[in-house]
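So you know, we letter chains A, B, ... as the sequences are listed, proteins then strands, and number each from 1. Every heavy atom of this structure was used, including side-chain atoms; hydrogens, water molecules and symmetry mates were not.
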Amino acid sequence: MKNNDTSRIITTLMNKINKRLQHPYLMLFIEDPVIDEDKLLLIHIMLNEKDLSEEEREQYAVSTMLVQIALDTHEKVTLHDVIEDADVKNRQLTVLAGDYYSSWYYHLLSEIKDLSMIRTLAQAIQEINENKMQFYKNKQQSIEKSMENLHRIESTILLKTADHLHLPLWKGIADEFLFMKRLLNERTSIMNNDFTPMAKKISHQLTRSKSNWNGIKQQILEIVDGYLFHSKNRLEKLWSEEPVMYGLLDQKMKQYIDRSGLRMERYVEEG
Amino acid sequence: MKLTTIYSHLRNDLSMVEKDLERTIEAQHSILQEASSQLLKAGGKRIRPVFVLLSAQFGQYDIDRVKRAAVALELIHMASLVHDDVIDDASLRRGKPTIKAQWDNRVAMYTGDYIFARSIEYITYLNNTKAHRVLSEAIVEMSLGEIEQIRDQYNLEQNVRNYLRRIKRKTALLISVSCELGALASDTDEYTLSHLKRFGYYVGMAFQITDDILDFTGTEKQLGKPAGGDLQQGNITLPVFFAMKDPMFTKQLAQACKNQPIGREAVNGLIRNIHNNDSIEKSKWVADRYLQKAYDALEPLPNSRSKKALLQIAEYIGNRDN
């Protein structure tokens with residue numbers, strides 16, 4: 001399929017998803033939900049591999065993305081005490097927006113009578129929430145385990161979908177691409193002095209005590225960069241087996257790398 | 001009569017449902033597991049599974065199929081309660097600390113999402129496409145109802161129709177769906193199904209109106225939370241609509257609504273005035289009308305132990321005090 005066709009279909013799918021997301025009252029109080037275009041592109045490419053009707057392809061793509069958006073929306077529920085009316089409303093409606101979006105996933109797949117896909121996505125939601133609990137609540141766990149949690153949080157929906165569609169190679173590519181993208185976003189935040197939950201977890205393992213942010217920022221970046229380097233190597237190996245995916249995703253990855261300020265060649269030079 | 005006595009003949013099947021509820025919420029993470037089991041152990045009337053089982057007895061009853069709907073509906077209800085406590089910023093439910101109070105909002109959100117997903121996975125083993133269409137439509141409607149409830153809080157311009165539509169989505173729909181799924185899981189004929197569905201809807205409406213009355217007439221011990229809690233959150237329920245026929249009350253309410261949530265003292269004053277007029281009696285009359293419609297919906301169905309139990313549950317709902 002040509003790149004122009006892909007862009008056109010992605011735009012159509014984005015519009016269909018947006019139609020489900022828009023609720024006039026919700027939109028007054030909550031942050032605009034974000035559709036992860038990379039995830040949508042990966043799902044679209046996977047679905048394109050299979051012999052499905054247009055309706056099935058569309059319902060799969062829209063419902064899978066709605067699950068992702070529902071979970072992402074619930075991540076935005078505030079944790080601190082709120083007093084101002086707008087903050088209270090924002091929290092209440094953020095909870096309900098996530099519930100509303102996930103209700104549509106079940107409904108859309110019920111319409112095409114695909115119980116197996118409903119089950120697949122339900123299992124993905126469980127696995128993601130288990131991993132989120134480990135990530136946020138297991139304070140003592142190793143950096144490696146936390147990175148594994150991030151991996152699962154980012155890619156389980158696509159992995160399960162790939163499993164469902166019997167596409168093992170794409171599973172590896174989606175898994176690594178999304179993990180790397182997350183790490184690059186984390187890197188960008190850390191560079192901008194945003195002490196992200198991941199940065200906090202690494203810092204806790206490094207110092208086991210509250211320490212000066214500037215002092216440990218560099219150490220955290222070193223660790224993140226190490227994971228990024230390995231992730232990039234794995235991704236390049238997978239891309240060599242699937243040149244079409246390389247063509248579609250490589251440009252995007254380059255953009256993320258540029259934005260994060262990461263210098264990959266440094267690792268190559270240092271071996 | 002105690003509720004459990006009414007459906008004592010379902011004891012074995014209900015304990016099978018209970019065991020599956022426990023199994024289904026098992027989680028790897030200890031907090032997720034503890035939060036979910038705590039919720040389950042807090043009890044509740046298990047009214048939805050009971051409606052599923054009793055309705056299923058009008059058809060070809062097979063507990064292995066029927067329990068798929070019974071367990072899933074209870075879990076969907078439970079998941080919504082966990083998120084409701086975040087929405088209401090509630091620290092107590094049935095007299096016990098809520099998940100959000102014991103841990104935090106994050107744990108409550110993950111627990112609710114986890115239980116919801118477990119319930120959906122569990123019910124996918126019920127191979128009946130109509131059942132899934134019915135349930136999934138209801139879940140969308142319930143979500144919309146919850147959004148509308150927030151929209152309508154502290155809004156004194158709304159009318160009783162808003163309220164009735166809201167409680168339909170909030171409560172009646174899931175009870176109606178419980179009856180419908182029970183009927184679908186046991187392959188009853190269309191005629192029986194439609195009567196059971198209607199029965200569930202009317203009972204659900206009566207159930208919620210009774211709940212809204214109890215918010216003003218119940219004691220803290222009976223309710224597991226202070227009386228007037230709904231009003232404090234700005235939820236305008238049926239007794240309040242009736243009380244608003246008195247312009248003095250409406251003025252007092254409008255004044256109270258300037259503080260959100262409404263202050264405890266103002267709530268107590270409003271409760272006293274609701275008791276001093278006939279709002280509670282009128283609300284009870286409306287609940288009774290719905291109960292009568294529920295009885296009428298069952299009337300054409302053949303007499304059986306299940307039909308008798310459904311009628312007794314409806315009666316229990318009209319007379320309950322917690």
Side-chain angles (χ1 to χ4, degrees), chain A residues 20 23-26 28-29 67 70-71 73-82 85 88-89 91-134 136-138, chain B residues 27-33 35 79-80 83-84 86-89 100 103-151 153-154 260-261:
Chain A
R20 296 288 171 212
H23 181 290
Y25 188 69
L26 286 179
L28 289 177
F29 293 95
V67 171
L71 294 174
T73 303
H74 280 168
E75 280 304 297
K76 294 178 192 159
V77 171
T78 49
L79 304 176
H80 52 272
D81 287 338
V82 288
D85 188 41
V88 172
K89 281 264 196 311
R91 172 147 79 205
Q92 293 174 322
L93 293 168
T94 304
V95 174
L96 293 175
D99 291 348
Y100 177 61
Y101 302 152
S102 67
S103 72
W104 273 109
Y105 118 72
Y106 180 32
H107 188 43
L108 292 176
L109 291 175
S110 294
E111 279 181 348
I112 57 166
K113 302 173 181 170
D114 194 335
L115 297 186
S116 165
M117 186 62 180
I118 293 171
R119 190 178 309 142
T120 296
L121 290 176
Q123 288 166 345
I125 298 171
Q126 293 162 38
E127 201 173 314
I128 290 169
N129 282 293
E130 287 271 15
N131 275 281
K132 283 180 175 174
M133 286 296 289
Q134 285 171 14
Y136 287 105
K137 294 293 169 185
N138 293 4
Chain B
Q28 286 169 28
H29 196 276
S30 56
I31 297 179
L32 204 51
Q33 170 73 38
S80 74
H83 285 179
D84 281 352
V86 177
I87 293 166
D88 298 339
D89 201 17
K100 66 138 273 168
W103 287 280
D104 55 32
N105 284 351
R106 180 175 270 149
V107 173
M109 294 316 299
Y110 295 167
T111 306
D113 284 346
Y114 182 79
I115 296 174
F116 174 74
R118 294 293 283 176
S119 69
I120 298 298
E121 183 192 359
Y122 184 87
I123 201 169
T124 55
Y125 293 97
L126 174 65
N127 200 357
N128 181 317
T129 49
K130 188 176 175 193
H132 291 283
R133 213 183 56 234
V134 166
L135 178 60
S136 64
E137 271 174 20
I139 296 174
V140 172
E141 284 290 306
M142 281 163 57
S143 300
L144 285 169
E146 293 249 29
I147 295 166
E148 280 179 13
Q149 175 158 318
I150 302 290
R151 188 197 60 195
Q153 278 174 340
Y154 305 102
Q260 300 179 6

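One finds the CD atom of A:Glu130 at 5.0 Å from the CG atom of B:Leu32 (value rounded to the nearest 0.5 Å). Here the CG atom belonging to A:Asp99 is positioned 6.5 Å from the CG atom belonging to B:Asp113, to the nearest 0.5 angstrom. Interatomic distance, A:Leu96 CG to B:Arg151 CZ, rounded to the nearest 0.5 Å: 12.5 Å. Distance check, rounded to the nearest 0.5 Å: NE2 of A:His107 to OG of B:Ser143 gives 11.5 Å. To the nearest 0.5 angstrom, B:Ile139 atom CD1 is 8.5 Å from A:Ser102 atom OG. Between atom OH of residue B:Tyr114 and atom CD1 of residue A:Ile128 there is a gap of 13.0 Å, rounded to the nearest 0.5 Å.
Of residues 108-115 of chain A, those residues with a non-hydrogen atom less than 4.5 Å from any non-hydrogen atom of chain B are, in numerical order, A:Ser110, A:Lys113, A:Leu115.
Nearest approach of B:Asn105 to A:Thr78, heavy atoms of both residues: ND2-O, 2.9 Å. Heavy-atom minimum distance, B:Arg106 versus A:Leu79: N-CD2, 3.5 Å.
For chain B, the option among A:Ala124, A:Gly98, A:Ala122, A:Ser116 with the highest count of heavy-atom pairs below 4.5 Å is A:Ala122. Of the listed residues (A:His80, A:Gln134, A:Lys132, A:Gln123), the greatest number of heavy-atom pairs within a distance under 4.5 Å of chain B belongs to A:Lys132. Across B:Ile87, B:Ile120, B:Asp89, the residue that shares the most heavy-atom pairs under 4.5 angstrom with chain A is B:Ile87. Here A:Ile125 is the residue among A:Leu28, A:Asn131, A:Ile125, A:Leu71 with the most heavy-atom pairs under 4.5 Å with chain B. Here B:Val140 is the residue among B:Val140, B:Thr129, B:Leu135 with the most heavy-atom pairs under 4.5 Å with chain A.
Within the 4.5 angstrom heavy-atom criterion, atoms from both the backbone and the side chain of A:Val95 approach chain B. Contact of B:Asp104 with chain A is made through the side chain alone, with heavy-atom distances under 4.5 Å. Interface residue A:Glu75: only side-chain heavy atoms are found under 4.5 Å from chain B. For a residue to count as touching a neighbouring chain, one of its non-hydrogen atoms must lie under 4.5 Å from one of that chain's; by this rule B:Phe116 touches chain A with the side chain only. The contact between B:Leu126 and chain A is made entirely by backbone atoms, counting heavy-atom distances below 4.5 Å. For B:Asn127, the parts lying under 4.5 angstrom from a heavy atom of chain A are both the backbone and the side chain. Interface remark: A:Arg91 contributes side-chain atoms only to the contact with chain B (heavy atom separation under 4.5 Å).
Evaluation of the side chain to side chain contact (heavy atoms under 4.5 Å, CB included) rule for A:Phe29 yields A:Tyr25, A:Lys89, A:Leu93 as partners, not counting sequence neighbours. Under the ring-ring contact (aromatic ring centres under 6.0 Å, His included) criterion, A:Tyr136 pairs with no residue at all, not counting sequence neighbours.
Applying the 6.0 Å contact sphere to CD of B:Gln28 captures no more than 12 heavy atoms from other residues, nucleotides or ligands.
Within the structure, salt bridge (charged side-chain N to carboxylate O under 4.0 Å, His left out) pairs that include any residue of residues 121-141 of chain B comprise B:Arg118-B:Glu121, B:Lys130-B:Glu190, B:Glu141-B:Arg169 (at least two apart or interchain).
The side-chain heavy atoms of A:Gln92 and B:Gln153, taken from C-beta on, include a pair separated by under 4.5 Å.
Between the side chain of B:Gln260 and the backbone N or O of A:Asp85 there is no donor-acceptor pair closer than 3.5 Å.
Judged purely by distance below 3.5 Å, without hydrogens or angles, the side chains of A:Tyr106 and B:His132 pair a donor atom with an acceptor atom. Checking A:Asn138 against B:His29 by side-chain atom types alone, a donor-acceptor pair falls below 3.5 Å.
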